[in-house]
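Step one of this worksheet: look at the structure below.
Computed from a predicted model, the values in this text were never measured in an experiment. Per chain, numbering begins at 1; letters A, B, ... match sequence-line order.
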Number of protein chains: 2
Amino acid sequence: MAETAVVHIVDDDSSLRLALDSLFRSVQLGTRLYGSAQDFLAAKRPDLPSCLVLDIRLPGISGLDFQQQLQQAGVHIPVVLMTGHGDIPMSVRGMKAGAIDFLTKPFRDQDMLDAVGTAIERDRERRSADGDLARLRELYEALSPREREVMALVVAGRMNKQVAGDLNLAEITVKIHRGAAMRKMGARSLAELVRMAEALQLPRAAVGR
Amino acid sequence: MAETAVVHIVDDDSSLRLALDSLFRSVQLGTRLYGSAQDFLAAKRPDLPSCLVLDIRLPGISGLDFQQQLQQAGVHIPVVLMTGHGDIPMSVRGMKAGAIDFLTKPFRDQDMLDAVGTAIERDRERRSADGDLARLRELYEALSPREREVMALVVAGRMNKQVAGDLNLAEITVKIHRGAAMRKMGARSLAELVRMAEALQLPRAAVGR
DNA sequence: TGCCCACTCATCCCTCGGTATAGGCGCGAC
DNA sequence: GTCGCGCCTATACCGAGGGATGAGTGGGCA
């Protein structure tokens, strides 16, 4: 059976890596093992729902710092933290930074599986949402500047003639652009276009009110 | 100056309560002091942005359990946890349950002020958003059942005549209900109505597609 | 230079949205 | 019973949406 989800394990203790490897494989999860943060960054990661199981104490860099670096670098992967010698401030920092869980060694297998299960599920949802949004953004990019302007005003609730006034155009021209925007965005109704604009978080065109 | 925000302090140690009281007052924050979770629940809480500073160890009930009870009871107040004798699993549980921070005694005044500042700010935003939503819900409640049905289909992108077919009505009737819904909701355009429906999280009327 | 494309505008025509006016039915409150 | 209200429908009218066809301008690029 092909992998459907992958757990990335970053720990400098090879015996723990292998123990986790067999634990995850026993529940049909794919695995990748790394001895350091650098190895993880250098590796090519499969395009699948995945998560990162990260030891706090790593060669070279703290797992907590690494976690924050990933966020800033735009690598959105759910993180499960673990440590042998942690303290409360560490765990709080990790959780504030969005970790799914923070496990202290030794932990029960089931706790780790629960955390990883939650993490994978969250990544699955994020990937799905990101995919939808990316497709939408692609359509939006294909709009001409004028079409974008018209779309912004239309989804703000302006009538064609008002848009024409706002942009100093003839009403017919607005209709053309409006129709083009609808077609290019694949919106079959104004309602759909409004929802797309919401999803794209287009800056609300502040007209009138 | 009148209070603009309130910190609720729940701790069975009266000397710590007083210390926190003066700390918060020194930065113009209102305070309320309680020796137990029950006292907090029994008290009348002002209608202002606020947060809860909660000791983990309380008479009768754990602060963590209390935090979860509040959530389930629908009391949405940001919580800052603190403890003298905590461990990592406790802190993780608290953070998972949505605590703003988890401080270990003794903590630095500034850390507490930072946490409370974040908590108050979050509550301020939540209250504002809740208020808007409540006003919207009120308008929606005022709609007749038919108007709600029509609104659902309209914001799903259906044309009047399609809605008429869906509901077995004459098109003119749909127009009436549609107009009434717009008027009652205070929407000045279809776009606005769609956004209101989104904000209300109306179940997407699944027609056609 | 020639072509593509974004942008612009016009005229025609049809559909759709929205309001006003007016009427009928059923049900619960007073 | 009468009143109010939600609900349904009809006729008529007008303004807004939107497509088709046609056509002109200017900028970028091979």
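Salt-bridge formation is not detected for the pair E138(B)/R135(B): no Lys NZ or Arg NE/NH1/NH2 atom is positioned less than 4.0 Å from an Asp or Glu carboxylate oxygen. Using a cut-off of 4.0 Å between Lys/Arg side-chain N and Asp/Glu carboxylate O, R127(B) and D130(B) are scored as not salt-bridged. Ion pair R195(A)/E198(A) not flagged as a salt bridge, since none of the NZ, NE, NH1 or NH2 atoms sits closer than 4.0 Å to an Asp/Glu carboxylate oxygen. A salt bridge links R93(A) with D65(A): the distance from a Lys NZ or Arg NE/NH1/NH2 to an Asp or Glu carboxylate oxygen falls below 4.0 Å.
Side chain of H177(B), nearest nucleotide from dC8(D), dG17(C), dG17(D): dC8(D). Listed nucleotides: dG18(D), dG17(C), dT19(C). Nearest to the side chain of I172(B): dT19(C). Among the nucleotides dC9(C), dG17(D), dT9(D), the one closest to the side chain of K175(A) is dG17(D). The P145(A) side chain lies nearest to dC7(C) when the options are dC7(C), dA20(D), dT19(C).
Within the 4.0 angstrom heavy-atom criterion, no nucleotide atom of any strand lies near L190(B).
In this entry the distance linking CG of L169(B) with P of dT9(D) reads 5 Å, nearest Å. In this entry the distance linking CE of M151(B) with P of dC7(D) reads 15 Å, nearest Å. In this structure, E171(A) atom CD and dT8(C) atom P are separated by 15 Å, rounded to whole Å. The distance from atom CE of M159(A) to atom C1' of dC16(C) is 15 Å, rounded to the nearest whole Å. R148(B) places its CZ atom 15 Å from the C1' atom of dC7(D), with the value rounded to the nearest Å. Between R183(A) atom CZ and dG18(D) atom P the separation is 12 Å, expressed in whole Å. Atom CE of M182(B) and atom P of dG17(C) are 12 Å apart (whole Å). With rounding to whole Å, R178(A) atom CZ is found 12 Å from dC16(C) atom C1'.
Distances shorter than 4.0 Å separate none of the side-chain N or O atoms of T173(A) from OP1 or OP2 on dC7(C). For the pair K161(B) and dT15(C), the criterion of a side-chain N or O lying under 4.0 Å from OP1 or OP2 is not met. Regarding contacts with the backbone of dG17(C), a side-chain N or O of N160(B) is found under 4.0 angstrom from either OP1 or OP2. Between S144(B) and dG6(D), a side-chain N or O to OP1/OP2 separation shorter than 4.0 Å is absent.
Each of I56(B), L54(B), L16(B) was scored for a side-chain contact (heavy atoms from CB on, under 4.5 Å) with M82(B), with one residue passing: L16(B).
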